[in-house]
Participant: 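Please see the structure below; I have some questions.
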Amino acid sequence: MPKKGRKGHKAAVLSEEERLLLMQQKMLAEEELSKKKEDMLTQFLKDKLAKEEHNSALNLNKINLQWRTVLREVKARELRKDIEILSQTFERVVDCKDSVIRSLARDLSEAEAQYTHALCSHLHNIDQLLQLQRCRLRYLDEDYNTELEALKKEFETERMMIIEHHDKESRYLRDVLLALEQNFSESEYEAKLDFQSTRDDVKNKNLEEKHYLRVQLEGTVEELWKRFQQALKNYTEATEDRKIAFEALKLKDEKSSKEIEMQMKKLQKIQDSIGILKGKIAAHMREAEEQNRRVHEEKEVVLKQLQKLKSQMNQARAKARSNLAKLTLESSTALKKLRGVLEKAELTLRLAEMCRKLETEEEKVLPFYASSLSREEQEELEQVSLEKPGEQLAQLMQDYLGLEHFWQRYNKVKLEQLSLEREKVVLRQENQKLRLLLKQYLDGISVSDEVLSRLNPLLILNHKPRAPGPCRGAEGHPGTGLYPRVAKAGW
């Protein structure tokens, strides 16, 4: 019985291990399936994202294309409006230019007439000046001729005196030269005679001494030659072997001396090269040390500059950020102001077009009225405007000289407005007076309780009212007190 219990326990244990293995296999399979699903999902999302990006880019291009067409249409409308405004302004400018050209042509004709008159007067003055100049030149020519004659006479007299003095001096110098030549020829002849005599004496003496010495030397030379030949013969016989050995040693010595010289030259070259190389090495060492020192110093300087540049760059970045923020604020304010200015300009242009439609023919041809100042006052005003202003307000006014025509038209319109307002006030007062007179007239010709309650110049009361009594109409009764007299008002 115990053996059977052990076997059953063992089978139960094996079944639990198999269950664990099966569970692990199932978990691994589930993990693989989940990974595959995640991979498929990620791939599907990537494809979908790429497709969405492509569609968004395509839609953005379509929106940009439609927006561009809308902007083109708006810009075309704006350009058409600008062209219409420019055409109207061009027509106005052409009218102004035509009027200016006509005025300039009139001024040109007047200037040509003035020029012809001035040219005639100028030519007349030139003729008078030429006549005066010819008279002056004739007088000067006569004075010149008289002075020239006097100078010629004076020159001739001085020339004759100089020629006579020169002839005297030349005759004197010729006499002196002739005397000097005679003295020189005499002294030269005497010197030549002395020289010839001394030369002949010296020549004869030298010939005698030369002949004596030649004879004496010939004897001594022959004797010495014989002795020399004998000694040479004895010497050659005695030193024949030594001569041969000397020749061999001489050749050997020459060869060894050449070798020694070559070796000395080589040694000298080697020593020179060693000295040059030592000098180069020392120079290179000094240069290397100097270069290392300079590099070290430059490195320190560069590090300092780098730190300085970093600090400057940080400051510049901070400053650039602040400037960028400030610039954005200022740009936004500037855009707002520019929009306001643009709206004002559009309003001004619309008003200008409306005013242009309301202009008269005279204003279209001559938009700027002529100045009421005289020529002297205009010249004084131009001189004052050319002077440099001293006050700040006057300097600021110089910047707005281009608006002078605008202010002329504005002042003209303002004056017309003021005159119309005054005329309107006067007409209103006249209208009120006329209304009052008309009302008085109508009140005078009509009878009503309201009229009778007020003062009426056309109604005359004879007596004060008494106690009321019966009335009999318009005929009256001695007992009544009212007898109205109605008369027509006269104007």
Side-chain angles (χ1 to χ4, degrees), residues 39 42-43 46 49-50 53-54 57 60 202 206 209-210 213-214 216-218 220-335 338 388 392 395 399:
D39 293 334
T42 53
Q43 186 66 31
K46 286 181 180 179
L49 181 62
E53 288 179 352
H54 178 69
L60 182 63
V202 170
N206 287 329
E209 290 178 355
K210 187 177 179 182
L213 289 171
R214 183 182 290 173
Q216 189 175 1
L217 288 170
E218 284 178 357
T220 55
V221 165
E222 287 178 0
E223 187 176 357
L224 289 171
W225 178 252
K226 289 178 181 179
R227 290 180 184 178
F228 176 72
Q229 290 294 328
Q230 187 64 34
L232 180 61
K233 187 178 179 181
N234 294 329
Y235 177 74
T236 52
E237 290 176 356
T239 59
E240 186 69 29
D241 297 332
R242 293 180 181 178
K243 185 177 180 182
I244 293 167
F246 174 74
E247 292 292 333
L249 290 171
K250 186 177 180 182
L251 293 172
K252 191 176 180 180
D253 182 57
E254 288 178 355
K255 189 176 180 181
S256 60
S257 63
K258 287 180 180 179
E259 290 179 358
I260 289 165
E261 188 175 358
M262 289 173 67
Q263 294 295 330
M264 289 296 292
K265 287 180 180 179
K266 287 181 180 180
L267 288 172
Q268 188 67 32
K269 288 180 180 179
I270 290 167
Q271 287 179 358
D272 293 337
S273 63
I274 289 167
I276 291 167
L277 290 173
K278 285 181 179 180
K280 287 183 179 179
I281 288 166
H284 285 308
M285 289 293 290
R286 288 194 298 274
E287 288 178 359
E289 290 176 357
E290 184 69 23
Q291 191 172 2
N292 290 328
R293 186 178 61 79
R294 285 200 302 271
V295 168
H296 187 66
E297 291 177 354
E298 289 176 358
K299 183 181 177 182
E300 291 179 354
V301 172
V302 168
L303 287 174
K304 290 180 181 178
Q305 289 180 356
L306 181 61
Q307 292 175 359
K308 187 176 179 181
L309 288 172
K310 282 183 178 179
S311 63
Q312 289 179 358
M313 188 172 67
N314 293 326
Q315 293 176 1
R317 283 178 179 173
K319 189 175 180 181
R321 289 194 192 96
S322 63
N323 289 330
L324 184 60
K326 187 177 179 181
L327 183 62
T328 52
L329 293 173
E330 290 179 353
S331 63
S332 62
T333 54
L335 285 171
L338 287 173
K388 189 174 181 181
Q392 187 175 3
Q395 291 178 0
D399 299 332

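Keep in mind the model is a prediction, meaning the values are calculated, not measured.
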Participant: Quick one: side chain to side chain donor-acceptor pair (under 3.5 Å) partners of His54, sequence neighbours excluded?
Facilitator: none
Participant: Within the distance-only criterion (no hydrogens, no angle test), does the side chain of Asp253 pair as donor or acceptor with the backbone N or O of Leu249 below 3.5 angstrom?
Facilitator: no
Participant: Atom CG in Leu49, atom OG1 in Thr42: separation rounded to 0.5 Å?
Facilitator: 12.0 Å
Participant: Taking atom CD of Glu261 and atom NZ of Lys265, what is their separation to the nearest 0.5 Å?
Facilitator: 4.5 Å
Participant: Atom CG in Leu338, atom OG1 in Thr333: separation rounded to 0.5 Å?
Facilitator: 9.0 Å
Participant: Nearest 0.5 Å, what's the NZ-CG distance between Lys308 and Leu306?
Facilitator: 12.5 Å
Participant: Among all residues two or more places apart in sequence or in another chain, which pass the side chain to side chain donor-acceptor pair (under 3.5 Å) test with Asp272?
Facilitator: Gln268
Participant: Glu223: which residues meet the salt bridge (Lys or Arg N to Asp or Glu O under 4.0 Å) condition with it, sequence neighbours left out?
Facilitator: Arg227
Participant: Could you pull out all residues at least two apart from Arg286 that satisfy side chain to side chain donor-acceptor pair (under 3.5 Å)?
Facilitator: none
Participant: Measure the spacing between CE of Met285 and NZ of Lys278 and express it to the nearest 0.5 Å.
Facilitator: 14.5 Å
Participant: How would you list, by chain and number, every residue that makes a salt bridge (Lys or Arg N to Asp or Glu O under 4.0 Å) with Glu297, sequence neighbours excluded?
Facilitator: Arg293
Participant: What do the steps show when you test Met264 against Ile260 for side chain to side chain contact (heavy atoms under 4.5 Å, CB included), and what is the final call?
Facilitator: CA-CA 6 Å; Met264 289 296 292; Ile260 289 165; 4.1 Å; yes
Participant: So, taking the atom named CD in Glu287 and the one named CZ in Arg294, what distance separates them when rounded to the nearest 0.5 Å?
Facilitator: 8.5 Å
Participant: Could you check Leu309 against Gln312 for side chain to side chain contact (heavy atoms under 4.5 Å, CB included), going step by step and ending with a plain yes or no?
Facilitator: CA-CA 5 Å; Leu309 288 172; Gln312 289 179 358; 3.7 Å; yes
Participant: Check side chain to side chain contact (heavy atoms under 4.5 Å, CB included) between Gln307 and all other residues, then give those that pass, not counting sequence neighbours.
Facilitator: none
